[in-house]
Amino acid sequence: MKVYETSVYILDVSYEVHGSEPQIIIWGIDESGRRVVLKDKRFRPYFYAVLDPTVYNRADEIAQLIKQLSRPRSPILSVELLERKYFGKPIKVFKVVTLIPEYVREYREEVRKIPGIAEVLEADIRFALRYMIDHDILPNTWHTFKVVEKGPNQDYRVDTVLEIVDVGSRIEEKISPPKLRIMAFDIEVYNPRGAPKPNRDPVIIIAVKTSEGVLKQFLAEDKNDRKLFKEFIDFVLEYDPDIIVGYNSNRFDWPYLIDRAKYLGIKLDITRRRGVEPKPSVYGHISIPGRLNVDLYDFAEEIPEVKVKSLDEVAEYLGVMKKSERVNIPWYEIFRYWDDPKLRPLLLQYSRDDVEATYGIAEKFLPFGIQLASITGLPMDQVVAASVGFRLEWYLIRAAYKHGELVPNRVEREYEPYRGAIVLEPKRGVHENIAVLDFSSMYPSIMMKYNIGPDTLVRDPNECLNTKCYEAPDVGYLFRSDPPGFFKSVLETLVRARKAVREQMKSLPLDSPEYRLLEARQLALKVLANAAYGYMGWVGARWYCRECAEAVTAWGRETMRRAIEIARSLGLKVIYGDTDSLFVTYDKTKIEEFIKRVENELGLEIKVDKIYRRVFFTEAKKRYIGLTEDGHIDVVGFEAVRGDWAEIAKELQEKVADIVLKTMDHRKAVEFVRKALEELRRSVERGTASIEKFVIWKTLTKPITAYEVEAPHVVAAKHLIKMGYSVDVGDKVGYVIVKGGGKISERARPYIAVDVRDIDLDYYIEHQIIPAVLRILEYFGVSDKHLKGVGKARKTLFEYHK
DNA sequence: GCAGCCCTATTACCT
DNA sequence: ACAGGTAATAGGGCTGCG
């Protein structure tokens with residue numbers, strides 16, 4: 001039995017129970033590029049039982065009571081009395097260790113009932129993650145282990161199995177991953193009757209692309225997809241990817257493949273654990289043991305600029321593939337392209353484009369996913385699927401372990417609203433030379449400055465007679481100034497780490513892999529720090545603290561008020577402000593003075609974020625249009641940046657904004673709109689207009705039956721369902737309004753079922769285009785009459801301006 | 001029966 | 001399924017008319 005040390009790049013961690021022995025399974029790649037499984041048979045599941053302080057003297061007795069719960073299948077192996085901290089306070093707990101992970105839940109319930117046990121903690125930390133946390137093992141990083149080589153094992157599709165005899169430590173300086181095998185895939189399904197059904201409709205194409213540049217397609221034989229499945233499975237096993245990426249694959253491709261395979265009686269045997277197939281797992285992702293299955297749609301959700309997040313739109317936005325340079329087939333017509341021999345080559349090209357685009361998106365996003373995993377400690381397939389709150393929470397759980405802090409349970413709480421930020425009333429009109437100043441990371445900075453957190457919140461004011469406390473304005477909550485609380489420490493760590501990363505980046509060429517890696521890392525660190533405030537105000541958070549979140553916004557409001565005072569005292573005119581930003585007249589020397597005074601008097605950093613040559617406000621908050629020095633138009637809040645307005649209305653509004661701000665001649669804008677309306681009417685009547693310009697996209701936020709009103713998008717969704725398509729919660733429904741009488745909702749139709757000549761152009765003019773362009777032009781005295789009609793209206797316009 | 005008013009439901013934005 | 005603040009549309013109930 002030869003023990004040696006090896007370093008392994010961690011991909012994923014899971015566990016198995018063999019007989020009565022739990023085994024930690026680590027999937028990784030060793031320094032020579034071998035795919036390996038590391039087994040650790042020594043780790044045991046446990047949880048903590050918090051002792052009530054009144055029974056500290058009877059600890060032995062209570063420990064005995066716990067031990068007596070022991071059952072043969074999974075005995076209680078030990079009950080150890082330990083000192084830990086809970087919300088910063090030292091307490092005594094029992095660490096209750098058992099054998100089989102599944103038994104933790106049962107013992108937790110029984111232990112909770114024992115008199116003298118105040119609370120049971122950390123019983124819901126999954127076993128594999130527990131192991132990683134306790135051994136400080138982070139996914140997508142290199143670690144050393146002392147192992148014994150066990151050689152290949154037919155249960156695991158890896159080069160060798162290594163048994164861990166000692167866990168070493170992370171290799172901090174080795175930041176680059178080994179050469180990873182990445183496979184993008186995309187499936188096309190036969191759909192002659194709308195939404196495809198696995199027990200009826202075959203998978204007709206599976207396209208794959210690998211990081212070696214191989215692109216392959218597996219085709220059904222007409223409607224028979226058995227061979228396709230076999231070839232796909234063989235390919236995956238042969239290529240043996242470490243990472244599998246798809247687009248919307250957790251919600252569509254994998255569930256479909258799984259159900260279809262089941263229907264066909266085929267084992268979808270593609271994982272690295274022989275006999276185990278892909279299956280649904282935490283945070284809605286599909287788990288593929290030994291491989292990281294990443295759904296790129298999860299990243300797309302974080303791109304607010306892209307409103308309709310289809311693969312082609314996202315690929316276009318990221319510069320991966322132009323929509324104009326790829327085959328576009330409406331998804332509801334795929335079956336037709338498959339059936340028609342003349343069209344089929346187009347479908348094949350479409351499928352190739354899809355998988356190329358998918359692979360391209362993966363190249364952009366995987367570095368960020370890798371960094372998120374290596375910071376939060378959650379394996380990449382999980383962390384990518386998890387929401388921001390859970391990502392931060394896993395980071396906090398790791399931090400808590402290092403601090404000797406216990407992790408609070410997630411408890412059901414009633415939602416309590418609280419006051420947020422200040423939004424100033426904008427000064428209407430066009431302003432010249434305006435500087436936009438932003439506080440840098442206002443909320444995280446406030447949290448650090450005032451040591452805000454659940455463990456530093458003072459519930460008894462008398463405590464502040466002896467120790468220094470900070471009192472939040474407006475709300476009066478008190479926070480101990482010392483020692484640094486949990487959140488403060490965590491935020492300082494994140495901020496310090498980010499600074500160091502950015503420092504490292506300076507010495508690297510912008511196009512080097514290391515630079516890109518560090519860029520992704522600093523972004524991940526920033527995202528986590530910025531989530532801390534929202535996290536504290538989230539009722540689902542383990543470290544929920546409404547008072548803390550409330551104090552943060554209160555200090556934020558006070559900071560804004562005082563900054564405004566300082567600006568005014570310097571003679572800077574404040575045009576607008578929202579939460580942590582101020583729009584003031586751009587006077588270079590005064591602004592420099594302002595920045596200095598804010599830093600001195602408020603202790604927070606504020607910076608010039610933007611300078612507008614012109615900026616236009618209506619009376620509405622959160623909406624403005626700015627013209628930057630380089631001639632760029634920023635549209636903020638208006639219809640032009642909203643996904644739920646017809647493209648035609650957005651385009652015209654954007655153009656109006658551009659004309660007005662650049663030329664300051666609103667009559668030109670009026671002329672432009674009038675011409676555009678005329679042309680539009682012609683093109684709609686001729687049927688040459690594109691229906692896409694009239695589509696209104698709205699998200700279905702709940703099941704159809706849960707709606708109280710018959711909103712247009714709900715009606716359109718019902719039409720889709722009647723047509724055989726499936727519409728799920730979270731889907732975007734694209735509808736148009738057709739001619740006819742009655743309510744708008746009664747005339748809402750899925751756009752795929754409408755000829756452009758049937759759309760109700762008057763609805764679009766009256767309810768979309770005119771409101772959108774008047775939002776800007778109204779300020780200049782323009783009314784709908786100036787925009788509509790012919791001849792006479794033109795006269796009226798000139799009369800108005802004479 | 002319906003115009004006009006007001007309130008509510010709904011969505012997506014901003015920071 | 002990280003927060004609150006905000007704008008805007010369409011539905012739908014109600015009033016009052018005649």
Side-chain angles (χ1 to χ4, degrees), chain A residues 282-284 298 301-302 304-305 307-308 385-393 395-396 410 415-426 436 438-439 441-444 447 527-546 548-554 556-557 560 576-583 609 618-624 634-646 649 696-702 706-715 729-730 732-733 735 737 742-748 763 766-768 771-772 774-775:
Chain A
V282 287
Y283 309 125
D298 293 325
E301 282 190 324
E302 289 168 39
E305 293 90 337
K307 312 294 174 183
V308 180
S387 62
V388 177
F390 289 111
R391 290 174 185 174
L392 176 63
E393 193 157 80
Y395 181 77
L396 294 174
R410 197 183 306 288
Y415 165 75
E416 281 182 86
Y418 63 91
R419 267 177 80 192
I422 291 183
V423 187
L424 302 184
E425 208 73 55
V436 183
D438 276 345
F439 281 96
S441 315
M442 184 194 243
Y443 286 178
M447 287 175 71
V527 165
L528 289 172
N530 286 344
Y533 150 73
Y535 175 84
M536 290 194 309
W538 171 38
V539 284
R542 290 175 186 266
W543 279 275
Y544 173 68
C545 177
R546 197 208 73 243
C548 303
E550 215 175 338
V552 173
T553 59
R557 290 191 300 273
M560 275 286 268
Y576 176 66
D578 183 350
T579 311
D580 62 351
S581 71
L582 279 176
F583 291 55
D609 177 53
T618 67
E619 64 290 334
K621 295 173 174 179
K622 300 200 182 271
R623 297 187 150 207
Y624 56 87
D634 278 343
V635 180
V636 180
F638 282 106
E639 287 75 7
V641 295
R642 292 182 62 98
D644 57 349
W645 281 71
I696 297 163
W697 293 94
K698 274 203 163 76
T699 309
L700 214 65
T701 60
K702 46 188 168 185
Y707 280 91
E708 293 179 41
V709 289
E710 292 276 283
H713 73 295
V714 178
V715 175
V729 175
K732 273 211 161 49
V733 180
Y735 67 90
I737 304 301
K743 280 184 291 209
I744 292 163
S745 60
E746 286 162 9
R747 298 186 281 121
Y763 165 80
E766 297 292 335
H767 289 81
Q768 293 271 320
L774 277 189
R775 206 83 65 205

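Remember, predicted model here, so these are calculated numbers, not experimental data. Quick note on labels: first sequence line is chain A, next is B, and so on, each numbered from 1.
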Phosphate-side-chain proximity, A:T579 and B:dC14, N/O vs OP1/OP2 below 4.0 Å: no
Please report, rounded to the nearest Å, how far the C1' atom of B:dC13 is from the CG atom of A:D578. 11 Å
In whole angstroms, the gap separating P of B:dA9 from CG of A:L700 amounts to 18 Å
How long is the straight-line distance from CG of A:L582 back to OH of A:Y576, given to the nearest 0.5 Å? 11.0 Å
Taking 4.0 Å as the cut-off, does a side-chain nitrogen or oxygen of A:K622 come that near to OP1 or OP2 on B:dA12? no
Using OP1 and OP2 only, check whether a side-chain N or O of A:T701 sits under 4.0 Å from B:dT11. yes
For A:K621 and C:dT6, is the shortest distance between a side-chain N/O and OP1 or OP2 below 4.0 Å? yes
Round to the nearest Å and state the distance from A:E416 atom CD to C:dG4 atom C1'. 15 Å
Determine: side-chain N/O of A:K702 to OP1/OP2 of B:dT10, distance under 4.0 Å, yes or no. yes
What's touching nucleotides 10-12 of chain C from the protein side, N or O pairs under 3.5 Å?
| from | atom 1 | to | atom 2 | distance (Å) |
| --- | --- | --- | --- | --- |
| C:dA10 | OP1 | A:Y763 | OH | 2.9 |
| C:dG11 | OP1 | A:S745 | N | 2.6 |
| C:dG11 | OP1 | A:S745 | OG | 2.7 |
| C:dG12 | OP1 | A:E710 | N | 3.2 |
| C:dG12 | OP2 | A:K743 | NZ | 2.9 |

A:R391 near the nucleic acid: base, sugar-phosphate alone, or nothing, with a heavy-atom cut-off under 4.0 Å? nothing
Please check the phosphate of B:dC14 (OP1 and OP2 only) for any side-chain N or O of A:R642 closer than 4.0 Å. no
Should A:Y624 be listed as having a side-chain N or O under 4.0 Å from OP1 or OP2 of B:dC13? no
Hey, is the side chain of A:R775 poking within less than 4.0 Å of OP1 or OP2 on C:dA8, counting only N and O atoms? yes
P spacing across the pair B:dT10 / C:dA1, given as an integer number of angstrom: 16 Å
